[in-house]
A.B. asks: 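What follows is a structure written as structure tokens; I'll ask about it next.
Being a predicted model, the structure only gives us computed values, none of them experimental.
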Amino acid sequence: MSNIFIGALFVFLNFTININGIKIGLIPDFIGYIIMVKGLAELENESPYFLKAKGFAKGMAVYTAILYAMDLFGLSYNFGIVAYLLGIASIILTLYTSYMVVKGIEEMEAIRNTDLNAESLYSVWKVHAGFTLAACVLIIIPFLSVICLLVSFVAAIVFLVALNKSKKLYYSPWNQ
């Protein structure tokens with residue numbers, strides 16, 4: 001569970017430096033996915049959702065590594081709309097992977113008959129997903145898109161806090 005949380009930190013918190021069309025990601029997504037794959041492998045026997053998420057996380061590690069290299073060498077700057085569409089695909093796959101993690105925690109909570117904060121985690125995930133997708137759709141109205149991005153960022157932080165709570169509950173002695 002700790003590796004899933006650390007991987008999610010890398011995936012959900014993006015900080016980049018832009019220099020003349022070159023983007024340098026300070027916290028690369030692909031490293032987060034590699035760490036997440038390790039955590040999902042540890043939990044894959046707990047729920048089929050974790051196994052499914054592991055497959056997506058492996059694919060996303062490769063996909064985001066390619067996107068990172070494209071950004072680092074300034075190639076995505078030259079692709080225009082294609083780079084935007086590749087980014088949208090990355091966002092959708094990231095949301096789907098995180099959804100599988102949430103559903104795995106929800107199923108684990110039901111099987112163990114214990115509280116792992118799944119309901120709160122899923123509620124925050126829905127807010128984050130909704131505003132992230134709205135920001136992508138509303139790109140034609142920059143003001144609204146920026147507002148959606150800000151709400152999405154706050155929701156991502158709250159999601160990480162909720163995931164951390166789930167992690168702590170998972171490791172608590174009364175849930176073993």
A.B. asks: Is the shortest side-chain heavy-atom distance between F56 and L93 below 4.5 Å?
C.D. replies: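 When only atoms from C-beta onward are counted, L93 and F56 do touch, with a gap below 4.5 Å.
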A.B. asks: Looking only at heavy atoms, which two atoms of F50 and I105 are closest? And how far apart?
C.D. replies: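 Closest pair (atom of F50, atom of I105, distance): CZ-N, 3.6 Å.
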A.B. asks: Which atom pair, heavy atoms only, marks the closest approach of S166 to L121?
C.D. replies: OG-CD2, 3.9 Å
A.B. asks: Counting C-beta onward and ignoring hydrogens, is there a side-chain heavy-atom pair between L133 and L95 closer than 4.5 Å?
C.D. replies: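 Of all side-chain heavy-atom pairs linking L95 with L133, at least one is under 4.5 Å.
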A.B. asks: Is a donor on one side and an acceptor on the other found under 3.5 Å between the side chain of T132 and the backbone of H128?
C.D. replies: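 It does hold such a pair.
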A.B. asks: Would you call L160 and L13 a side-chain contact if the rule is heavy atoms closer than 4.5 Å?
C.D. replies: yes
A.B. asks: Checking L43 against M1 for the side chain to side chain contact (heavy atoms under 4.5 Å, CB included) test, could you report, in this order, the C-alpha distance in whole Å, the side-chain angles of both residues, the deciding distance, and whether it holds?
C.D. replies: CA-CA 7 Å; L43 292 177; M1 198 70 151; 3.9 Å; yes
A.B. asks: Please confirm whether the backbone N or O of L169 pairs with a side-chain atom of S172, one donor and one acceptor, at under 3.5 Å?
C.D. replies: yes
A.B. asks: With sequence neighbours left out, write down each residue that passes ring-ring contact (aromatic ring centres under 6.0 Å, His included) with F131, or none if nothing qualifies.
C.D. replies: none
A.B. asks: Same hydrophobic cluster for Y99 and V161, using side-chain heavy-atom links shorter than 4.5 Å among ILVMFWY?
C.D. replies: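 Unlinked, Y99 and V161 end up in two clusters.
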A.B. asks: CG/N164 to CG/L9 distance, rounded to the nearest 0.5 angstrom?
C.D. replies: 8.0 Å
A.B. asks: Hydrophobic clusters here meaning ILVMFWY residues chained together by side-chain heavy-atom distances under 4.5 Å, can you tell me if Y170 and I111 are in one?
C.D. replies: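 Unlinked, Y170 and I111 end up in two clusters.
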A.B. asks: Step by step, would you call M36 with N3 a side chain to side chain contact (heavy atoms under 4.5 Å, CB included)?
C.D. replies: CA-CA 5 Å; M36 193 181 287; N3 286 322; over 6 Å; no
A.B. asks: Is it true that T94 and Y33 share a donor-acceptor pair across their side chains at a distance under 3.5 Å?
C.D. replies: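 Yes, side-chain donor-acceptor contact under 3.5 Å.
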A.B. asks: How long is the straight-line distance from CG of L67 back to OG of S90, given to the nearest 0.5 Å?
C.D. replies: 5.5 Å
A.B. asks: What pair of heavy atoms forms the shortest contact from A134 to C148, and how long is it?
C.D. replies: CB-SG, 3.8 Å
A.B. asks: Is the side chain of N117 donor-acceptor paired with the backbone N or O of A162 at a distance under 3.5 Å, no angle test?
C.D. replies: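 The answer is yes, because a donor-acceptor pair under 3.5 Å joins these two groups.
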A.B. asks: Over all heavy atoms of both residues, which pair between P48 and E107 is shortest? Give the atoms and the distance, please.
C.D. replies: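 Looking at all heavy atoms of both residues, the shortest contact is CD-OE1, 3.0 Å.
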A.B. asks: Under a 4.5 Å side-chain heavy-atom rule over Ile, Leu, Val, Met, Phe, Trp and Tyr, are I140 and L138 clustered together?
C.D. replies: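 Yes; L138 is reachable from I140 via cluster members.
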A.B. asks: Quick check: closest heavy atoms across K167 and F5, and the distance to 0.1 Å?
C.D. replies: CD-CB, 4.1 Å
A.B. asks: Heavy-atom distance under 4.5 Å between the side chains of L116 and E106, does that happen here?
C.D. replies: no
A.B. asks: Minimum heavy-atom separation for P28 and F10, please, with both atom names.
C.D. replies: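 Minimum heavy-atom contact is O-CD2, 3.7 Å.
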A.B. asks: Rounded at 0.5 Å granularity, tell me how far CD1 in I147 sits from CD1 in I141.
C.D. replies: 10.5 Å
A.B. asks: Rounded to the nearest 0.5 Å, what's the gap from OG1 on T64 to CD1 on I31? Could you check?
C.D. replies: 9.5 Å
A.B. asks: Within a strict 4.5 Å, meaning less than it, do heavy atoms of the V101 and L40 side chains meet?
C.D. replies: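 Touching, per the 4.5 Å side-chain cut-off.
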A.B. asks: Under the side-chain hydrogen bond (donor to acceptor under 3.5 Å, both in side chains) rule, what do Y96 and K52 come out as? Steps first, then yes or no, please.
C.D. replies: CA-CA 10 Å; Y96 185 72; K52 193 172 190 179; 3.2 Å; yes
A.B. asks: How are the rings of F159 and F12 set relative to one another: parallel (under 30°), tilted (30 to 60°) or perpendicular (over 60°)?
C.D. replies: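 Judged by the thresholds at 30° and 60°, the geometry between F159 and F12 is tilted.
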A.B. asks: Rounded to the nearest 0.5 Å, what separation is found between the OG atom of S2 and the CD atom of E42?
C.D. replies: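 Output value for this atom pair is 8.5 Å.
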A.B. asks: Between E46 (side chain) and M108 (backbone), is there a donor-acceptor pair under 3.5 Å?
C.D. replies: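 A pair under 3.5 Å: no.
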A.B. asks: Would you say I27 ends up clustered with L163 if hydrophobic residues are merged whenever their side chains have heavy atoms under 4.5 Å apart, either directly or through other cluster members?
C.D. replies: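 In one cluster with L163: I27, yes.
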A.B. asks: Say whether Y63 and K58, considering side chains only, have a donor N or O and an acceptor N or O under 3.5 Å apart.
C.D. replies: no
A.B. asks: Could you tell me whether a side-chain N or O of T114 sits under 3.5 Å from a main-chain N or O of E109, the two making a donor and an acceptor?
C.D. replies: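 Here the side-chain-to-backbone pair does not exist.
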A.B. asks: Transitively linked via ILVMFWY side-chain contacts under 4.5 Å: V151 with L149?
C.D. replies: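 No, V151 does not connect to L149 through the hydrophobic network.
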